[in-house]
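Presented below is the structure to which this report refers.
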Amino acid sequence: MTLPTDPRAWLYRGELDPETAARLAADALARCEDGELYLQYQASEAFGFDDGRLKTADYSTNAGFGLRGVSGEMTGFAHANELSAAAIRRAGETMRLLDPAAGAPAPPPPRSNRHLYTAADPLSAIPFADKVALCERIDAAARARDPRVAQVSVGLSGSWSVIEIVRADGFTAQDIRPLVRLNVSIVAEANGRRETGSFGIGGRYLYDRLFDAATWQRGIDEALAQALTNLDSVAAPAGEMTVVLGPGWPGVLLHEAIGHGLEGDFNRKGTSAFAGRIGERVAAPGVTVVDDGAIADRRGSLTIDDEGTPTSETVLIEDGILKGYMQDRLNARLMGVAPTGNGRRQSYAHAPMPRMTNTFMKAGSDDPAEMIARAKTGIYAKSFGGGQVDIVSGKFVFSCTEAYRIENGRLGAPIKGATLIGDGPTVLTRVRAIGNDFALDEGIGMCGKGGQSVPAGVGQPSLLIEGLTVGGTAAG
């Protein structure tokens with residue numbers, strides 16, 4: 001695949017051209033307050049290397065459009081997996097089912113000339129054989145690291161998406177979005193016991209960062225260290241205790257347990273635990289949580305959201321006080337506030353909704369080592385795996401993939417089978433120390449909501465939380 005001089009050539013082929021798309025959008029949405037024609041072309045690939053050989057190699061392309069009209073609280077949406085004037089015209093008939101708008105048309109999004117990531121196509125820049133060879137090198141290097149390595153799995157994936165937003169008022173905006181990811185999983189075996197460790201990294205950049213030997217060697221080191229640590233793990237304690245969360249990826253708990261509750265649609269409908277509480281204390285002093293989709297190269301970042309609004313830093317909680325919610329255009333208009341650049345969709349086949357981008361807690365001033373000493377007895381959770389969350393109430397159950405006992409103010413034995421149980425709004429009030437070691441995750445997050453999945457980022461400093469329920473198999 002060769003990148004055209006104008007990437008819009010992937011969208012405008014055959015008899016569909018920009019002028020026709022603008023005219024069709026204007027005709028279809030003439031009776032609506034808001035809405036857009038969303039055009040998309042995407043190419044993606046994924047390699048799976050397991051048990052010393054290439055197991056899967058997938059490549060696909062997909063193109064289509066979504067047409068959305070908004071009138072009051074009503075939304076009409078139609079889509080098709082083709083880019084043609086005839087298909088858009090047929091989709092426009094759906095908009096006739098909407099009541100005519102009672103209010104004036106919503107103004108277009110503000111324009112932005114910034115670029116948070118490269119517009120280059122990561123898929124065609126490196127030959128197929130080189131991608132397979134990278135997987136082979138990682139597999140061989142991991143097996144050579146330690147005789148206890150029993151199995152190695154490597155995943156390499158990338159995508160490249162061209163999108164254009166066309167509004168009835170003549171506004172258009174384009175974005176070109178690269179995304180790559182590398183995953184390394186290692187199974188270590190000793191004395192008849194097997195344990196797994198994993199590492200992933202990615203973002204909105206090209207494959208060259210992943211091909212850097214320092215990057216994938218670090219991936220091997222991290223995955224192997226986790227697997228070997230888990231070989232020595234003992235049964236996790238159970239009960240209510242003090243928990244210290246590590247920096248970076250443990251922010252996924254924050255993302256799931258309170259992030260969704262800070263999205264505009266849940267608050268407009270009154271179903272979130274944070275609904276109607278702007279200006280109230282909802283977290284311990286020092287807790288500041290933001291959503292920022294404007295960080296260069298990050299997995300959850302977007303130059304513009306999927307409605308054309310530029311992304312930015314949105315302060316959600318400041319020093320424990322609730323300041324605002326993440327908004328798309330529809331919920332912002334109905335709540336009488338400004339959009340925050342959080343209107344996101346999985347693809348052209350989905351309507352946008354308020355979604356997180358990179359959501360994280362900002363750093364405090366506490367020393368992480370002193371936090372462990374202060375905890376005295378409890379657990380230190382360094383990494384999480386799967387979990388279950390009620391995104392309205394914030395109730396969660398998260399599994400720890402790497403955790404340790406805290407005994408006499410020091411890290412003790414690694415533990416296996418620990419789960420953290422609680423609800424996000426309550427946990428926020430039990431934060432007793434906030435570390436000075438803030439970190440974002442490595443770039444592997446995916447966020448699900450309403451049947452849609454989008455890339456997302458998380459992060460936090462180390463946190464000391466009192467009175468968190470730990471599920472385990474040993475007596476507390």
Side-chain angles (χ1 to χ4, degrees), residues 70 72-73 75 251-284 287-293 300 305-307 309 311-346 350-362 387-398 420-431 445-454 456-460 465 468:
V70 180
E73 296 189 32
T75 297
V252 68
L253 190 152
L254 177 83
H255 166 105
E256 295 288 5
I258 72 161
H260 286 291
L262 294 171
E263 291 167 338
D265 48 354
F266 293 124
N267 289 280
R268 178 175 66 85
K269 297 171 185 176
T271 57
S272 168
F274 299 102
R277 300 187 63 190
I278 296 293
E280 294 183 16
R281 176 165 296 283
V282 296
V287 171
T288 294
V289 179
V290 304
D291 183 88
D292 191 349
D305 72 2
D306 292 317
E307 298 176 305
T309 305
T311 55
S312 62
E313 180 186 89
T314 301
V315 178
L316 304 171
I317 299 172
E318 185 173 34
D319 197 21
I321 306 300
L322 182 62
K323 293 293 186 177
Y325 308 120
M326 291 166 276
Q327 302 285 6
D328 64 353
R329 289 177 60 87
L330 170 62
N331 285 278
R333 177 171 56 83
L334 294 175
M335 296 180 74
V337 297
T340 58
N342 289 92
R344 304 191 63 187
R345 64 181 95 201
Q346 179 175 318
H350 304 83
M353 65 176 79
R355 301 294 300 272
M356 286 174 275
T357 56
N358 303 300
T359 311
F360 51 89
M361 185 184 298
K362 291 195 171 183
Q388 293 181 324
V389 180
D390 181 328
I391 63 177
V392 175
S393 68
K395 293 180 180 179
F396 62 82
V397 178
F398 268 94
L420 302 187
I421 305 166
D423 72 87
T426 300
V427 167
L428 283 180
T429 66
R430 295 181 178 177
V431 174
M446 289 295 292
C447 174
K449 176 183 175 183
Q452 299 188 40
S453 294
V454 297
V458 302
Q460 67 173 45
I465 303 172
L468 192 57

Q) Of the non-hydrogen atoms in Pro354 and Met326, which two are nearest, and what is the gap between them? A) CB-O, 3.7 Å
**Q.** Ala257 versus Pro425, closest heavy-atom pair with distance
**A.** O-CD, 4.2 Å
Q: Measure across Met361 and Leu428 and return the closest heavy-atom pair with its distance rounded to 0.1 Å.
A: CE-CD2, 4.4 Å
Q. Does Lys449 reach the main-chain N or O of Met356 with its side chain, forming a donor-acceptor pair under 3.5 Å?
A. no
Q | Test item: Thr359 and Ile258 side chains (from C-beta on) under 4.5 Å apart, heavy atoms | A | no
Q) Do Thr288 side-chain atoms and Asp319 backbone N/O form a donor-acceptor pair below 3.5 Å? A) yes
Q. About how many Å separate CG of Leu330 and CZ of Arg268, when rounded to the nearest 0.5 Å?
A. 5.5 Å
Q.
I'd like to know if the side chain of Glu307 and the backbone of Arg329 have a donor-acceptor N/O pair within less than 3.5 Å.
A. yes
**Q.** side-chain contact (heavy atoms from CB on, under 4.5 Å) between Leu254 and Val458, intermediate numbers included
**A.** CA-CA 8 Å; Leu254 177 83; Val458 302; over 6 Å; no
Q | Non-neighbouring partners of Asn358 that pass side chain to side chain donor-acceptor pair (under 3.5 Å), sequence neighbours left out | A | Ser301
Q) At their closest point, which heavy atom of Val70 faces which heavy atom of Arg333, and how far apart are they? A) CG1-NH2, 3.2 Å
Q: Without swapping roles, check the side chain of Arg345 against the backbone of His350 for a donor-acceptor pair under 3.5 Å.
A: yes
**Q.** Candidate pair Thr314 and Gln327, rule side-chain contact (heavy atoms from CB on, under 4.5 Å), full reasoning
**A.** CA-CA 10 Å; Thr314 301; Gln327 302 285 6; over 6 Å; no
Q: Of all the heavy-atom pairs spanning Gly261 and Ser272, show the shortest one and how long it is.
A: O-OG, 2.6 Å
**Q.** Separation between CZ of Arg355 and OG of Ser453, rounded to the nearest 0.5 Å
**A.** 7.0 Å
Q) Measuring from Glu280:CD to Lys323:NZ, what's the distance to the nearest 0.5 Å? A) 12.5 Å
(Q) Testing Asp291, Asp306, Asp328 one by one against Asn342 for a side chain to side chain donor-acceptor pair (under 3.5 Å), which residue passes? (A) Asp291
Q: Compare all side-chain heavy atoms of Arg430 with those of Leu468 and state whether any distance is below 4.5 angstrom.
A: no
Q) Are any of the side-chain heavy atoms of Phe360 and Val290 separated by less than 4.5 Å? A) yes
**Q.** Donor-acceptor under 3.5 Å (Tyr325 side chain, Phe274 main chain)
**A.** yes
(Q) Show the nearest heavy-atom pair for residues Leu316 and Leu322, with the distance to one decimal. (A) O-CD1, 3.4 Å
Q. Got a second to check how far Asn267's CG is from Ile278's CD1, nearest 0.5 Å?
A. 7.0 Å
Q: Calculate, to the nearest 0.5 Å, the distance between atoms CZ and CG belonging to Phe396 and Asp423 respectively.
A: 7.0 Å
Q: Mind checking the CG-CD spacing from Asn331 to Glu263? Nearest 0.5 Å is all I need.
A: 10.0 Å
**Q.** Short side-chain donor-acceptor distance under 3.5 Å, Asp305 and Thr311
**A.** no
